[in-house]
Colleague: 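Let me give you the structure first, and then I'll get to my questions.
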Amino acid sequence: MRILKIQTLRGPNYWSIRRHKLIVMRLDLENLAETPSNEIPGFYEGLVEALPSLEGHYCSPGCRGGFLMRVREGTMMGHIVEHVALELQELAGMHVGFGRTRETATPGIFQVVIEYLNEEAGRYAGRAAVRLCQSIVDRGRYPKAELEQDIQDLKDFLRDASLGPSTEAIIKEAEKRGIPWMPLAARFLIQLGYGVNQKRMQATMSDNTGILGVELACDKEATKRILAANGVPVPRGTVINFLDDLEESIEQVGGYPIVIKPLDGNHGRGITIDIRTWDEAEAAYEAARQVSRSIIVERYYVGRDHRVLVVDGKVVAVAERVPAHVVGNGRSTIAELIEETNLDPNRGEGHDNVLTKIELDRTSYQLLERQGYNLNSVPPKGTICYLRATANLSTGGSAVDRTDEIHPENRWLAQRVVRIIGLDIAGLDIVTSDISRPLRELDGVIVEVNAAPGFRMHVAPSQGIPRNVAGAVMNMLFPNEQSSRIPILSITGTNGKTTTTRLLAHIYKQTGKVVGYTTTDGTYIGDYLVEAGDNTGPQSAHVILQDPTVEVAVLESARGGILRCGLGFESANVGVVLNVAADHLGIGDIETIDQLANLKSVVAEAVYPDGYAVLNADDNRVAAMSEKTKANIAYFTMNPSSELVRKHIEKGGVAAVYENGYLSIVKGDWTHRIEKAENIPLTMGGKAPFMIANALAASLAAFVQNVTIEQIRAGLKTFRASVSQTPGRMNLFNLGKYHALVDYAHNPASYEALGSFVRNWTTGQRIGVIGGPGDRRDEDFVTLGKLAADIFDYIIIKEDDDTRGRLRGSASDLITQGITQAKPNCRFESILDETQAINKALDMAPDGSLVVILPESVNRAIKLIKVRGVQEEIQPQS
Ligand code: ATP
Ligand code: ATP
Ligand code: MG
Ligand code: MG
């Protein structure tokens, strides 16, 4: 077996609209191509031994053990690899359920599709599954140690990719609310929502978080001074920079017990509390100096440690933090108890689990000593032995939810404090013996205010009710469901995508909104080019969706991007499918036009249920997509008596129809005439029917988004794209006595479309200079010849400079074949050199004629035309 290719999908795709995270592996079964599993001696047994949990896979029989039954009875190896890859991830704690296996047109080569949670883990699982299966084929077994290593590696991928418990909580809440999110290029920075409506977060700082508040909170001394000045109870204390000042400072705060801590520390680093002697104080000073130059000396307040979380001005959670401790059982030593406690699967390293493993430090021994113990003591049953003085979760502390217990006055105080500091999300550390009584009564204090407080202790307290604090953050950032998104209009089809995308963007601009759009020639925002190039994949979509100025996204979504990565967004408001015609068949395992239609259908299906699929009623494969999408349907048609559209309108649907020379929107009993085709430059005076179809599609897409008829009309009438913007797209030149047209039609459907325009050319002869890229199939050249015979009065056949491996003259011969088959008396000649062919055509052009050039090099063709003195560049779209 050999893996030929692994692709990672991240959006709605050919295999599934809903499951975005899929790995597609192209797998060559090689010598196993004709051997189902039942014919491989010992395979079934070896597989069950290696992965007994495969018993849980139902597969097509639909019951437990169903998949293994298929293995015993005989199934192909690709299918087995799929299930194994899913199971490996499952064993590593990643729940994935979706898989598909399909044989490609090449016998023995399969596409194996598996779901993933983590991209790297998914790819790894695919490779490991192949390794595992191959090993069982070759040796009857897969070594246990290797399997364990695989599972460990998979777990590591997941852990390394973790964004931390707070961010994970935020992402989970966003997904629950249908708020799109994506990681940004800077680590830990995530974007919630799209375009102009986006918000950013980094851990628990949002883009509402003010820098002044953060700076203030990070300076514990300044915070205390500001709070004290506002009458808030804070620890009595002072800041020193030299050991010499220590003694005096202790007196100043009222003598022992004291606390010494670094001025700008966090996570409890360098803090010593409950210091009772000079020796302890000196040691504590040194420890704090490791973290910060300036040292806080404070009175020690006896009490329990609370974290009060305030979001958007309101207390949303309160947790009591209990320092790391063990509870005696009368038998074990403290060392043993620690070990036992750390076995808790909820305890991990750092912040990657609900709790952190207990680790001892300098203060731990002191604390134990004070309690009359050392590591080898056996505390009596039920006694609590504290191991750390401070309660930070990251030093092994645990949390008890006290949200419902906080006294209203304390709640008011906490909210007031956060307003004074100026933070949208803040965590207050409050030391008091009982949070359910006013701080004042108990001599409680607010020790500090934290910007970017961790959510872990609130979403997963060791005791008490978990609090949905991420929900409060979402309510603050996005007061209602819609407010995170911008309209997305996505366009696909075999031909006309770029034209329609540009036109739709132009129409939308009439509303005054900032439109971001992507096309085959580049990515644009408003009137400016962001980036040139073929930008029809998800990365380009992200450029638009990440831009903080964009109010509307119009995205050309070509087949390549959908196949390679899936769509770059979850759902669109409008999905437009223009047409499906033979092109690029045989590439990317898309062999038939129906498969191509299934691929393009992704754009119609990945639409919000309250959005619209805008479909071409005149193209059966496109019209049929109405069955697959859950969105509303809107049809466009060139045929005013279309039965499908008539019924659709009767049922209350909306449509765009070309009738009596007008582009019109029909809804209910009303026909809203937008504009006469003749007056729309894009349609070349109404002579290019396929452009009218594109204009109908764009108008309809805008209309269902509530763009007004007037705005649509204004857009249609003013849409102009210069040759420099769209070279090779219906570029028409007036050469005085005759016209020349350059177009890069590249498949039968677009020749046909071009033909519909050329046939409308009634002032004189129609001369064609035709050819095609050498890598097309033989029959494609014959078809081109046949179509051309039907369109032109005179044909000059030429070939590309680059024949792409084809024998020179062969393409010409095939085209000739097509021409003579279709029209034996057709006038034509063959001039293989493109420049000569074009010049010949231009030389011979009689008055009133049209010379149509389908060149290899659009620029060269345009140059050859321009040297002849172009009087007017009738813009491709003007
Ligand atoms: P974190 O980042 O987890 O909030 P930190 O390193 O910023 O911790 P502080 O919050 O200042 O440090 O102190 C850590 C803990 O030490 C407090 O939550 C509290 O339990 C205890 N503590 C600090 N100062 C005092 C004090 N003056 N009296 C009593 N306990 C204190
Ligand atoms: P690509 O696949 O190269 O990105 P596209 O789908 O973006 O193409 P356009 O660039 O808009 O298409 O147009 C390319 C050519 O296709 C046009 O010059 C014209 O010949 C033809 N064409 C445009 N619209 C249609 C249509 N609706 N039906 C058939 N052919 C069309
Ligand atoms: Mg703190
Ligand atoms: Mg395009």
Side-chain angles (χ1 to χ4, degrees), residues 217-218 220 223-224 234-237 253 257-274 291 296-307 321 323 388-395 397 427-432 444-450 452-454 457 491-503 518-521 534-536 556-560 578-579 581 583-584 616 618-619 638 682 688-697 721 726 728-731 741-757 854 876-877:
C218 287
K220 290 186 189 191
T223 299
K224 275 199 314 187
V234 293
R236 192 166 137 196
V253 303
I258 58 158
V259 170
I260 291 183
K261 54 185 168 186
L263 179 61
D264 46 9
N266 55 30
H267 302 314
R269 264 175 304 168
I271 298 188
T272 313
I273 67 172
D274 195 10
V291 179
I296 294 180
V297 179
E298 251 172 31
R299 215 188 104 195
Y300 172 64
Y301 291 78
V302 185
R304 293 188 276 174
D305 185 6
H306 302 86
R307 173 56 71 82
R321 299 192 288 178
R388 295 292 283 242
T390 59
N392 306 73
L393 290 196
S394 52
T395 58
L428 277 70
D429 290 338
I430 298 184
V431 173
T432 180
V445 284
I446 294 184
V447 172
E448 70 154 342
V449 178
N450 294 282
M457 66 195 94
I491 293 117
T492 197
T494 299
N495 293 304
K497 296 180 292 298
T498 299
T499 309
T500 308
T501 301
R502 282 179 168 284
L503 174 59
T518 60
T519 69
T520 339
D521 45 85
D534 184 348
N535 294 350
T536 52
E556 175 174 348
S557 305
R559 53 180 289 295
L578 295 170
N579 44 51
D583 197 10
H584 297 109
N616 185 346
D618 307 337
D619 184 320
M638 293 293 286
L682 173 70
F690 62 97
M691 287 300 194
I692 299 178
N694 295 342
L696 285 173
T726 52
R729 299 286 188 257
M730 297 297 283
N731 303 148
L741 176 83
V742 178
D743 190 82
Y744 193 61
H746 49 303
N747 55 45
S750 53
Y751 303 145
E752 205 36 87
L754 185 64
S756 66
F757 168 73
L854 308 183
Q877 278 120 35

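Remember, it's 1-based here, ligands and their atoms both numbered in the order they're listed. In this chain, residues are counted from 1 in sequence order. Every value quoted in this text rests on a predicted model; they were computed, and no experiment measured them. No hydrogens, no waters, no symmetry mates; every other heavy atom, side chains included, goes into these values.
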Colleague: As a check for students: among K497, E752, R729, identify the option with a heavy atom nearest to atom 3 (O) of ligand 2.
Modeller: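 Minimum heavy-atom distance to atom 3 (O) of ligand 2 goes to R729.
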Colleague: Can you name the atoms of ligand 2, numbered from 1 with element, that are less than 4.0 Å from a heavy atom of G496?
Modeller: 5 (P), 6 (O), 9 (P), 11 (O), 12 (O), 13 (O), 23 (C), 24 (N), 25 (C)
Colleague: Can you sort out which atoms of ligand 1 are near K220, meaning under 4.0 Å from one of its heavy atoms?
Modeller: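 Listed by number with element, the hits are 5 (P), 6 (O), 7 (O), 9 (P), 11 (O), 12 (O).
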Colleague: For ligand 1, which atoms sit closer than 4.0 Å to a heavy atom of D305?
Modeller: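 Ligand 1 atoms under the 4.0 Å threshold to D305: 17 (C), 18 (O), 19 (C), 20 (O).
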Colleague: If you measure every N or O of D743 against every N or O of ligand 2, does any of those distances drop under 3.5 Å?
Modeller: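 Yes - when backbone and side-chain N and O of D743 are compared with those of ligand 2, one distance drops under 3.5 Å.
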Colleague: Could you tell me, atom by atom, which parts of ligand 2 come under 4.0 Å of a heavy atom of T520?
Modeller: 4 (O), 7 (O)
Colleague: In the protein, which heavy atom is nearest to atom 25 (C) of ligand 2, and how far is it?
Modeller: F690 CD1, 3.4 Å
Colleague: Quick one: does P235's side chain get under 4.5 Å of K224's, heavy atoms only?
Modeller: yes
Colleague: What do we get for A753 next to ligand 2 when only non-hydrogen atoms under 4.0 Å count, side chain, backbone, both or neither?
Modeller: side chain
Colleague: Any atoms of ligand 1 less than 4.0 Å from a non-hydrogen atom of R299? List them with their elements.
Modeller: 26 (C), 27 (N), 28 (N)
Colleague: What are the atoms of ligand 1, with element, lying closer than 4.0 Å to any heavy atom of E298?
Modeller: 24 (N), 25 (C), 26 (C), 27 (N)
Colleague: May I ask whether T536 has any heavy atom positioned less than 4.0 angstrom from an atom of ligand 2?
Modeller: no
Colleague: Near E556, which atoms of ligand 2 are under 4.0 Å from a heavy atom of that residue?
Modeller: 4 (O), 7 (O)
Colleague: Within the 4.0 Å heavy-atom shell around S750, which atoms of ligand 2 are there?
Modeller: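 Close to S750: 16 (O), 21 (C), 30 (N).
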Colleague: Return yes or no for this condition: an N or O of Y300 is under 3.5 Å from an N or O of ligand 1.
Modeller: no
Colleague: Can you find an N or O of N694 that's nearer than 3.5 Å to an N or O of ligand 2?
Modeller: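 Indeed, backbone or side chain, N694 has an N or O that close.
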Colleague: Taking the side chain as every heavy atom from C-beta outward, state whether I273 and V259 have any pair of such atoms under 4.5 Å apart.
Modeller: yes
Colleague: For ligand 1, which atoms have a heavy atom of V431 less than 4.0 angstrom away?
Modeller: 19 (C), 30 (N)
Colleague: What are the atoms of ligand 2, with element, lying closer than 4.0 Å to any heavy atom of N579?
Modeller: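 So the answer, numbered in order with elements, is 26 (C), 27 (N), 28 (N).
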Colleague: With backbone taken as N, CA, C and O and side chain as the heavy atoms from C-beta onward, which portion of T501 lies under 4.0 Å from ligand 2: side chain, backbone, both, or neither?
Modeller: neither
Colleague: Which bit of T499 is near ligand 2, meaning a heavy atom under 4.0 Å away: side chain, backbone, both or neither?
Modeller: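 Looking at T499 and ligand 2, atoms from backbone and side chain both fall under 4.0 Å.
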Colleague: At less than 4.0 angstrom from any non-hydrogen atom of N450, what atoms of ligand 1 do you find?
Modeller: 2 (O), 4 (O)
